[in-house]
Amino acid sequence: MADPLLRVENLVRRFGGIVATDHVSLDVAQGELHAIIGPNGAGKTTLISQLTGHLTPDSGSIYLGGRDISHLAAYRRSALGLARSFQITSLLLDFTVADNVALAAQAHAGHSFSFWRNARKESGLRMAAQAALERVGLAHRAGVLVSRLSHGEQRELELAVALATKPQLLLLDEPMAGLGVTESARMVKLLQELRKEVTIVLVEHDMNAVFALADRISVLVYGRVIASDVPSAIRQNEDVKRAYLGDQHVVTAHG
Amino acid sequence: MKDKLNARNLVSALLVAGLLLLPLYSQASGNVFVLTLFTRIVILALAAASLNLIMGYGGMMSFGHAAYLGIGGYAVGILAQEGFGSGFLQFPVALAASAIYALVIGALSLRTRGVYFIMITLAFAQMAYYVASGLARYGGDDGLTVYKRSDFGGLINLSNRTQFYYLCLACLLGVVFLIWRIVNSRFGMVVQGLRSNEQRMQAIGFPAKRYKLMCFVISGTLCGLAGALLANNTDFVSPAVMYWTRSGDLMVMVILGGMGVLFGPVVGAVAYLLLEELLSQVTEYWALIMGPLLLLVVLFARGGIMGLLGRLNRG
Ligand SMILES: Nc1ncnc2c1ncn2[C@@H]1O[C@H](COP(=O)(O)OP(=O)(O)OP(=O)(O)O)[C@@H](O)[C@H]1O
Ligand SMILES: [Mg+2]
């Protein structure tokens with residue numbers, strides 16, 4: 001079997017007395033959509049942040065395409081094709097929508113030690129931005145300041161920014177957080193499209209979305225992976241039912 | 001943003017026109033003092049503009065920017081004393097020394113952020129102040145007289161008041177133009193992005209520190225130019241130009257004029273130094289009036305004078 005695109009081995013991260021990531025091992029194959037679920041505080045965001053380099057693990061290793069990236073800075077990992085969206089929207093609020101995405105494209109189009117030419121007139125960057133915005137359905141908002149966007153639009157922009165870096169692995173931390181029903185449905189549809197092009201790790205509380213999208217699901221509880229399998233097996237898994245899904249209605253969908 | 005006829009641009013344009021015409025007024029009215037005063041204002045506006053690059057656009061609150069005034073000044077003064085009177089040597093050395101200082105200080109300071117960054121840049125500037133005070137050969141505490149202004153051959157005569165004023169003004173306008181190009185370039189976009197959200201910028205693939213350091217060095221180098229001009233203007237350089245209150249003055253000019261606005265620091269420098277001049281003629285306790293006045297601006301006119309003008313336009 002080919003190497004997995006992402007391999008996590010025995011990752012540990014503590015915050016004081018809390019073990020937020022407790023010997024997590026995980027494989028994500030090329031092309032799959034791998035969902036990570038778990039109750040609040042299970043350590044999902046902490047795990048994602050270690051994958052992207054925003055947090056340093058206390059021990060353990062992370063491999064991307066067979067290469068050890070455990071000690072690379074966040075920007076180097078981005079250059080290798082790792083992109084993330086943030087659970088709590090993290091954008092350049094005082095920039096326009098187009099500028100946010102164009103900067104992401106700029107980061108991957110040569111260096112930026114260019115001091116004279118007007119960056120907003122670089123057609124390559126603008127076109128890349130436009131393309132990413134069209135993907136997520138935000139093209140008509142290109143000239144608007146991000147602080148003026150609705151929450152749902154900001155979630156879509158998070159995704160467009162990640163896409164503009166041309167990632168091979170997309171780490172999405174609750175892209176549906178705070179979205180309404182129609183917005184969520186749009187996002188699910190969008191992810192259906194994206195999964196054909198890029199490997200995705202999806203952290204999500206919305207079980208409808210997770211079971212509709214995922215090839216595999218890993219369940220995180222108190223920092224530990226208690227199960228990692230295909231959706232149908234996760235649905236049947238006794239440990240998962242007991243430890244996390246608990247009330248049956250959560251598994252069978254809510255709403 | 002498109003160039004538009006708004007209050008901000010109007011004020012900037014009038015200000016530039018006024019500065020360009022000032023020597024004519026000075027000549028016609030026989031008022032030499034106004035030219036001397038505005039030469040100083042233009043030089044400090046240049047220093048404030050350089051500070052605006054890191055403070056306004058880059059979000060780096062440096063509290064040690066006056067150090068470059070001293071470094072640029074001492075480069076001129078020391079070389080002059082040692083018999084190297086050529087401006088073609090003095091000015092490049094002033095810029096290079098400032099750049100090197102900025103590179104070292106920046107590399108160390110940029111490991112910290114927030115209040116710590118403010119404190120460490122302040123501490124380094126105070127160190128530079130004490131080093132200068134210890135330069136016994138070059139006047140120590142008392143400072144160093146520059147007996148002959150930088151010599152640019154037949155090109156320009158710095159001892160001629162009008163020519164020197166125009167040199168300073170050309171430097172100011174040149175630097176403002178340069179900053180305008182920079183902030184709209186790829187580099188400038190990155191620097192402003194880092195001010196806005198560093199975590200996001202790193203996530204999309206920018207090595208933050210490298211860009212911040214570069215910005216810090218450009219800013220310091222430009223301020224070194226102001227230092228070289230200032231030493232020529234006063235025919236004197238002393239540790240006092242590096243004192244922390246001078247750094248504070250520069251910050252106030254930037255905040256008063258409007259952080260992150262191209263002409264903000266120029267407007268701020270003119271307003272601050274004119275006010276200081278006027279108030280000090282009225283009363284020796286001018287600082288007691290100036291302080292609260294500035295506090296009001298900071299509290300109630302967010303974005304400084306340029307911010308007020310911007311709001312004027314939006315109605
Ligand atoms: N910077 C931090 N300092 C201290 N403790 C932290 C920090 N970040 C996370 N934690 C703790 O680590 C644990 C895991 O947090 P994390 O945010 O990764 O959970 P999560 O699974 O993403 O939760 P949610 O579903 O609410 O987003 C929690 O107990 C949290 O309080
Ligand atoms: Mg989380």
Side-chain angles (χ1 to χ4, degrees), chain A residues 48-49 52-55 73-86 88-96 99-122 125 143 145-147 157-158 160-167 171 173, chain B residues 1-3 50 53-54 56-59 99 111 174-219 221-222 258-262 302-303 307 310 314:
Chain A
I48 297 286
S49 293
T52 56
H54 288 95
L55 264 181
Y75 75 90
R76 304 268 320 266
R77 299 188 201 194
S78 168
L80 291 177
L82 215 77
R84 84 177 284 182
S85 75
F86 289 90
I88 297 164
T89 307
S90 176
L91 295 161
L92 311 176
L93 291 176
D94 48 349
F95 282 57
T96 65
D99 283 346
N100 267 263
V101 191
L103 263 169
Q106 181 183 318
H108 295 261
H111 68 80
S112 288
F113 287 101
S114 153
F115 304 91
W116 198 256
R117 261 181 73 198
N118 191 328
R120 290 195 181 86
K121 290 187 178 147
E122 282 193 48
L125 300 181
L145 278 185
V146 174
S147 53
L157 181 56
E158 277 269 337
V161 167
L163 286 177
T165 66
K166 300 217 171 68
L171 307 169
D173 196 354
Chain B
M1 301 298 133
K2 300 256 157 41
D3 289 317
S50 75
L53 180 61
I54 50 171
Y57 292 103
R111 292 163 185 274
V175 161
V176 169
F177 180 70
L178 181 68
I179 291 176
W180 177 65
R181 295 302 310 204
I182 288 177
V183 297
N184 287 300
S185 71
R186 274 188 170 213
F187 178 79
M189 294 291 287
V190 174
V191 165
Q192 291 168 86
L194 289 169
R195 175 199 62 199
S196 180
N197 187 341
E198 187 165 333
Q199 170 184 261
R200 166 46 81 191
M201 291 297 281
Q202 284 184 331
I204 60 178
F206 287 110
K209 204 170 149 210
R210 226 172 279 176
Y211 289 97
K212 283 174 134 180
L213 183 57
M214 187 65 181
C215 188
F216 196 82
V217 170
I218 294 173
S219 166
T221 308
L222 295 176
M259 282 206 285
V261 181
L262 195 62
R302 284 194 52 211
R314 259 164 264 140

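Any value given below was found using the heavy atoms of this structure, including those in side chains, with hydrogens, waters and symmetry copies removed. Every chain is numbered from 1 and lettered A, B, ... according to where its sequence line falls, protein lines coming before strand lines. Please read these numbers as outputs of a predicted model, since none were measured by experiment.
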Subject >> Residue list, salt bridge (Lys or Arg N to Asp or Glu O under 4.0 Å) with A:R77, at least two apart or on another chain >> reply: none
**OP:** Taking B:R195 for its side chain and B:G56 for its backbone only, find out whether a donor-acceptor pair lies under 3.5 Å.
**Re:** yes
Original post:
With respect to chain A, which residue among B:R186, B:R181, B:Q199 yields the maximal number of heavy-atom pairs within a distance under 4.5 Å?
Top reply: B:R186
Original post:
So which of A:R117, A:K121, A:H111, A:Q106 has the biggest tally of heavy-atom pairs under 4.5 Å with chain B?
Top reply: A:Q106
Original post:
Any idea how B:F187 and A:F115 line up, ring-wise: parallel (<30°), tilted (30 to 60°), or perpendicular (>60°)?
Top reply: tilted
**OP:** Would you mind telling me which of A:S78, A:A105, A:A162, A:A79 has the largest number of heavy-atom pairs within less than 4.5 Å of chain B?
**Re:** A:S78
Subject >> Side chain / backbone / both / neither for A:A83 at chain B, heavy atoms under 4.5 Å >> reply: neither
Subject >> Toward chain A, the part of B:M189 with a non-hydrogen atom under 4.5 Å >> reply: both
**OP:** Please flag which part of A:T52 lies under 4.5 Å from any non-hydrogen atom of chain B: side chain, backbone, both or neither.
**Re:** neither
**OP:** Mind ranking A:L91, A:N100, A:L93 by heavy-atom pairs under 4.5 Å with chain B and telling me who comes out on top?
**Re:** A:L91
**OP:** With a 4.5 angstrom heavy-atom cut-off, could you sort out which part of A:A74 is near chain B: side chain, backbone, both or neither?
**Re:** both
**OP:** Measure from the side-chain N and O atoms of A:S147 to the backbone N and O of A:D94, and report whether any donor-acceptor pair falls under 3.5 Å.
**Re:** no
Original post:
Given that the side chain runs from C-beta out, which part of A:F95 has a heavy atom under 4.5 Å from chain B: side chain, backbone, both or neither?
Top reply: side chain
**OP:** Verify, without hydrogens or angle tests, whether B:N197 (side chain) and A:L92 (backbone) share a donor-acceptor contact under 3.5 angstrom.
**Re:** no
Original post:
Short question: side chain of B:Y211, backbone of A:S112 - any donor-acceptor pair under 3.5 Å?
Top reply: yes
Original post:
Looking only at atom types and distance, does a side-chain atom of A:H108 sit under 3.5 Å from a main-chain N or O of A:A164, one as donor and one as acceptor?
Top reply: no
